[in-house]
A.B. asks: 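Provided herewith is a single structure, encoded as structure tokens, for subsequent inquiry.
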Amino acid sequence: MILTGAGISKESGLSTFRDPDGIWAQVRIEDVATPQAFVRDEARVHAFYNARRKALLDPSVAPNDAHVALAILESNWQGGEVTLVTQNVDDLHERAGSRNIVHIHGELLKARCMACGILADIRSDMTPTSRCPACDGRGSLRPHVVWFGEEPLAMEEVHAKLSACALFVSIGTSGNVYPAAGFVEVAQAAGARTVELNLEPSAGASSFDEARYGLATEIVPLFVAQLLGVA
């Protein structure tokens, strides 16, 4: 089981959240990333996610070597199933070719209708008057992202995978955001080998059996090559 965070997408040109120059250093969480913020100022929340969506769809943003390496691992691993659980709301894993992906924090390129519950692909800007493509409700669409104060998605599935995995790898995560920060302990309790691949030690680095530090585009492909016996 592989867990990825914002650090794996940084080298693709996307901002992280908790770095000194990251997204949360520029805008208050309470203003754009809570259910209360959406009720209070829907236009502002939409504007924030519209800007992030445009950044993701910029032609200069593409999967990097770390994303590609994980797709190669999924396609060539002979030791069982590879599950990729990501905290990222971008689609770079999909673009790189990974298929068995669980987005626990949602997806930036999807909208959810609060009236009928449908998920719709979205590439354009949303506003408080946007209409749902399914029920035609006006003003019922919200970004399909998990905000602070909301439960991450697919937790039952994730915990089942954690409890059954033999290898757990955390890539590009800060170790500050729960429940993902606690995944390593669940995997260890199940007897899994645990590895951290990160630019620098995370807040939970001491919990891992093994750690490697450096740029994701360098350490992830090397780690995957070693797993596959080609390095």
A.B. asks: Please find the pair of heavy atoms, one from Ala96 and one from Ala71, that lie closest to each other, and give the distance.
C.D. replies: O-CB, 3.4 Å

A.B. asks: With distance as the sole test, does Glu200 use its side chain to make a donor-acceptor pair with the main-chain N or O of Asn198 at under 3.5 Å?
C.D. replies: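 No, Glu200 side chain to Asn198 backbone: no donor-acceptor pair under 3.5 Å.
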
A.B. asks: Looking at CG of Asn50 and CZ of Arg44, how far apart are the two atoms once the value is rounded to the nearest 0.5 Å?
C.D. replies: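 It is 14.0 Å, given to the nearest 0.5 Å.
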
A.B. asks: Supply the atom-to-atom distance Cys116 SG to Leu141 CG, rounded to the nearest 0.5 angstrom.
C.D. replies: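 Atom-to-atom, Cys116:SG and Leu141:CG are 8.0 Å apart.
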
A.B. asks: Taking Arg142 first and then Glu150, would you say they form a salt bridge - that is, a charged N and a carboxylate O separated by under 4.0 Å?
C.D. replies: yes

A.B. asks: Look at Asp125 together with Lys54 and state whether they make a salt bridge at an N to O cut-off of under 4.0 Å.
C.D. replies: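 Salt bridge: yes.
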
A.B. asks: Decide yes or no on side chain to side chain contact (heavy atoms under 4.5 Å, CB included) for Cys113 and Cys135, but give the supporting numbers first.
C.D. replies: CA-CA 9 Å; Cys113 179; Cys135 69; 3.7 Å; yes

A.B. asks: What's the separation between atom CG in Asn64 and atom OG in Ser12, rounded to the nearest 0.5 Å?
C.D. replies: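 If I round to the nearest 0.5 Å, the distance is 3.5 Å.
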
A.B. asks: Would Val145 and His105 satisfy side chain to side chain contact (heavy atoms under 4.5 Å, CB included), going step by step from the backbone distance to the final call?
C.D. replies: CA-CA 6 Å; Val145 296; His105 289 168; over 6 Å; no

A.B. asks: Could you tell me whether a side-chain N or O of Gln188 sits under 3.5 Å from a main-chain N or O of Thr194, the two making a donor and an acceptor?
C.D. replies: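 Flag not set: sc Gln188 to bb Thr194 has no pair under 3.5 Å.
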
A.B. asks: Does Ile8 form a side chain to side chain contact (heavy atoms under 4.5 Å, CB included) with His93? I'd like the steps, not just the answer.
C.D. replies: CA-CA 10 Å; Ile8 198 171; His93 285 305; 3.9 Å; yes

A.B. asks: When rounded to the nearest 0.5 angstrom, what is the spacing between CD1 in Ile171 and CD1 in Ile2?
C.D. replies: 5.5 Å

A.B. asks: Could you measure the distance from the CD1 atom of Ile29 to the OG1 atom of Thr34? Nearest 0.5 Å is fine.
C.D. replies: 9.5 Å

A.B. asks: Looking at every heavy atom in both Leu92 and Ser9, which two are closest together, and how far apart are they?
C.D. replies: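 So the two residues come closest at CD1-OG, 3.8 Å.
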
A.B. asks: Which heavy-atom pair separates Thr127 from Glu42 by the least distance, and what is that distance?
C.D. replies: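 Nearest heavy atoms, Thr127 then Glu42: O-OE2, 4.4 Å.
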
A.B. asks: Going by the angle between their ring planes, with limits at 30° and 60°, are Phe183 and His159 parallel, tilted or perpendicular?
C.D. replies: perpendicular

A.B. asks: Check whether any side-chain N or O of Arg53 sits under 3.5 Å from a backbone N or O of Leu109 as a donor-acceptor pair, and report yes or no.
C.D. replies: no

A.B. asks: Which label fits Phe38 and His46: parallel for a plane angle under 30°, tilted from 30 to 60°, or perpendicular past 60°?
C.D. replies: perpendicular

A.B. asks: Test your reading of the model: is there a side-chain donor-acceptor pair from Asp90 to the backbone of Leu108, 3.5 Å cut-off?
C.D. replies: no

A.B. asks: Tell me whether Arg193 is salt-bridged to Glu210, with the criterion being a basic N under 4.0 Å from an acidic carboxylate O.
C.D. replies: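 A salt bridge is present here (some side-chain N lies under 4.0 Å from a carboxylate O).
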
A.B. asks: Taking all atoms of both residues into account, what is the closest heavy-atom pair of Ala187 and Cys165, and its distance?
C.D. replies: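 Closest heavy-atom pair between Ala187 and Cys165: CB-SG, 4.0 Å.
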
A.B. asks: Looking at Arg99 and Glu94, would you say the former's side chain and the latter's main chain have a donor-acceptor pair under 3.5 Å?
C.D. replies: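 Side chain of Arg99 to backbone of Glu94, a donor-acceptor pair under 3.5 Å: yes, one is there.
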
A.B. asks: Any luck finding a side-chain donor-acceptor pair between Thr173 and Gln87 under 3.5 Å?
C.D. replies: no

A.B. asks: So, the side chain of His103 versus the backbone of Asn88: is there a donor-acceptor pair under 3.5 Å, distance only?
C.D. replies: yes

